[in-house]
Amino acid sequence: MIFELIIGSGLVANIFFAERFRSKARSIRKQLSPGSERHKLKRSGRTRAITAAAFTLIFGALWSASALASDDDLIKEIAVLKSKLAELDQLKERVAELEKQVSENSARIVNQQCSVDEVKKSLKGSGPAEGIIRYSPGEGVEIMPCGFKINADATSVIQGTPNANNSGENNASRADASWTSDIFISKAFDSWALALIHLEPGQGAGLEDQMSLYSNVNRDAGDTSSHVLITELWYEQYLADAQITLTAGKLDPANYLDQNEYAFNETTQFLGRVFRNSPAIEWPGDNTLGGVITVAPEMFPYLAVNAAYHNADASWKEVFDKPFISSELNILPAKALGYDENMWGGNYRVYWWYNGLDHQKLVPADESPSETTKSTNMGYGLSFDQKVTDIFGVFARAGYERPEVLIVSTNPSAAPIEGTWSGGIQVSGKCWKRDRDILAFAVGQLFPSERYKDAGNGGAAEGHFETYYNCKITDNLAISPDFQWIVNPRGISEPYQGSNSPIFVYGVRAQLDF
């Protein structure tokens with residue numbers, strides 16, 4: 001096609017030049033007459049026109065012939081040019097790709113620098129809501145991108161009494177101390193799972209080994225000789241948008257049974273065991289292997305129910321032979337009635353439990369001990385807590401267990417009683433312009449069974465009263481004076497049964513959050 005255009009161009013040029021000379025010749029012819037000098041010029045002009053036309057025809061023919069002769073060479077050159085153009089296109093694509101990589105690397109370097117700056121900023125003590133490392137007093141340290149959190153606290157308790165009933169007449173006045181630390185390391189897997197390790201070293205038993213009571217006076221005491229024990233180690237899986245929770249591992253059964261908003265944390269609330277959990281529950285001897293399923297349906301946001309299975313003797317042997325089983329239903333009335341939870345929030349828990357360890361039946365003191373060891377223990381109870389405005393809160397507990405069996409659990413929170421009740425009130429420091437302070441009072445009783453009394457034990461109700469004032473000194477430190485009064489210790493109400501004097505316990509607790 002290109003060569004046809006070249007030949008056509010040559011012919012057009014020939015015709016153009018020939019026509020041009022013809023036009024010039026006609027103009028000269030009109031100006032000159034025959035025989036004059038101009039006539040001579042006319043003849044010479046015509047000659048020149050004819051000569052130019054002939055030359056043009058000859059040149060065009062030669063050009064066309066040359067174009068035809070070099071057709072193969074031009075095809076080759078065009079093929080080479082096409083190849084070069086293809087190579088240029090590839091080079092353009094490669095350059096664009098390299099530019100994109102350079103841009104991405106630059107952005108990555110900038111992001112890395114920003115992350116480094118954020119870490120430096122966090123470590124230098126920037127605000128708790130800034131950076132990728134967050135710290136809040138009492139809430140611990142949280143590394144945001146990986147959901148990793150560390151929380152630690154330490155609790156020290158000093159308690160004294162003028163009349164310890166288990167230390168002998170010459171040493172009735174006592175003052176003992178204890179300390180514990182709780183270290184929680186947790187890892188959140190987005191919003192669908194959580195893993196936790198709870199480390200709990202401690203030292204000192206406080207006054208507890210100097211007391212003979214159904215329910216002792218320092219729930220926080222746990223002497224590990226300063227050794228670091230792993231008290232909890234579990235994994236929790238959330239299903240159906242967290243409507244179902246599955247938890248398994250080394251568990252604390254009390255975290256899933258008989259909780260209470262105002263009487264459950266011995267490091268900041270009541271120290272006496274009777275106000276931490278119901279003594280009418282025969283708990284496993286220690287935190288143990290277990291599994292829990294919790295259901296909190298979105299359709300009924302005011303209801304939650306759980307079922308738990310634990311190894312009752314905490315031996316990690318024959319884990320399915322001797323179970324501790326429990327189930328609890330929690331009703332949230334504020335959600336059910338549409339009330340403001342900040343003003344009227346509450347929990348109304350009812351529960352049932354079963355301890356599958358072998359128990360002996362109680363017999364009167366003048367009879368031989370029962371040889372039957374196949375009896376089991378079970379019980380039920382309730383735990384209520386209710387806000388009354390944003391300043392006051394009240395709570396109540398009650399529990400029952402089988403009265404005809406001996407307690408075999410080694411857990412010091414389990415008592416050989418038939419039933420118990422307790423209740424109290426918590427007041428916020430807002431009343432006296434100390435918003436973070438708390439003042440609380442509680443009273444309760446523990447009732448041994450008639451069979452336990454007939455077996456030669458104290459049969460009176462052991463009564464407890466406790467009050468504390470939690471004073472927030474700084475964001476990290478709280479000091480709590482604590483006072484307890486116990487009547488009929490170990491159910492003894494008559495002098496001939498032993499020491500029946502009321503026991504007064506005074507103390508102070510320091511809670512430090514890291």
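Start at 1 with the first residue, then count along the sequence. Please read these numbers as outputs of a predicted model, since none were measured by experiment.
- A donor-acceptor pair shorter than 3.5 Å cannot be found between the side chains of Glu236 and Trp234.
- Checking Tyr339 against Glu341 by side-chain atom types alone, no donor-acceptor pair falls below 3.5 Å.
- Using modelled atom types and a 3.5 Å distance limit, the side chains of Ser413 and Arg273 yield a donor-acceptor pair.
- Using a cutoff of 4.0 Å between basic side-chain nitrogens and carboxylate oxygens, Lys322 and Asp358 are scored as salt-bridged.
- Tyr452 and Glu450 form no side-chain donor-acceptor contact under 3.5 Å, judged by distance and modelled atom types alone.
- Relative orientation of the Phe504 and Tyr506 rings is tilted, given thresholds of 30° and 60° on the angle between their planes.
- A 6.0 Å sphere centred on CG of Leu229 holds more than 12 heavy atoms belonging to other residues, nucleotides or ligands.
- To the nearest 0.5 angstrom, Leu439 atom CG is 9.0 Å from Ile425 atom CD1.
- Asn377 and Glu401 are linked by a side-chain donor-acceptor pair at a separation below 3.5 angstrom, with hydrogens and angles left out of the test.
- Remark: Leu233 CG is packed, more than 12 non-hydrogen atoms of other residues, nucleotides or ligands lying under 6.0 Å away.
- The environment of CZ in Phe300 is sparse: at most 12 heavy-atom neighbours from other residues, nucleotides or ligands sit within 6.0 Å.
- Looking at Trp421 and Gln445, their side chains do bring a donor and an acceptor atom within 3.5 Å of each other.
- When each of Phe275, Tyr262, Phe264, Phe441 is checked for a ring pair (Phe, Tyr, Trp, His ring centres under 6.0 Å) with Phe270, only Phe275 meets the rule.
- Closest of all the heavy-atom pairs between Phe384 and Asn260 is O-ND2, 3.0 Å.
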Show the numbers, then the answer: is there a side-chain hydrogen bond (donor to acceptor under 3.5 Å, both in side chains) between Thr180 and Asp220? CA-CA 7 Å; Thr180 61; Asp220 184 65; 2.9 Å; yes
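- Looking at Glu466 and His464, their side chains never bring a donor and an acceptor atom within 3.5 Å of each other.
- Asn311 contributes a side-chain N or O that, together with a main-chain N or O of Ser315, makes up a donor-acceptor pair within less than 3.5 Å.
- At a threshold of 4.0 Å, the pair Asp258-Arg276 does not count as salt-bridged, since none of the basic side-chain nitrogens sits closer than that to a carboxylate oxygen.
- With no hydrogens or angles considered, no side-chain donor-acceptor pair links Asn411 and Ser409 at under 3.5 Å.
- A salt bridge does not link Lys361 to Glu404: none of the charged side-chain nitrogens sits closer than 4.0 Å to a carboxylate oxygen.
- Counting only N and O atoms by type, the side chains of Gln511 and Thr155 include a donor and acceptor under 3.5 Å apart.
- Side-chain polar atoms of Asn347 and Asp385 form a donor-acceptor pair below 3.5 angstrom.
- No donor-acceptor contact under 3.5 angstrom links the side chains of Asp223 and Gln203, judged on distance only.
- For the pair Asn488 and Ala461, the tightest heavy-atom approach, listed with the atom from each and the gap, is ND2-O, 3.1 Å.
- Of the N and O atoms on the side chains of Asn163 and Ser501, not one donor lies less than 3.5 Å from an acceptor on the other residue.
- Between Ile244 and Ile293, some side-chain heavy-atom pair lies under the 4.5 Å cut-off.
- Between Asp182 and Thr267, the side chains place no donor N or O within less than 3.5 Å of an acceptor N or O (distance only, hydrogens not considered).
- Other residues, nucleotides and ligands contribute at most 12 non-hydrogen atoms within 6.0 Å of the OH atom of Tyr380.
- A side-chain N or O of Gln386 and one of Tyr348 form a donor-acceptor pair less than 3.5 Å apart.
- Residues His198 and Thr231 bring a donor and an acceptor atom of their side chains to less than 3.5 Å of each other.
- Using modelled atom types and a 3.5 Å distance limit, the side chains of Gln259 and Asn330 yield no donor-acceptor pair.
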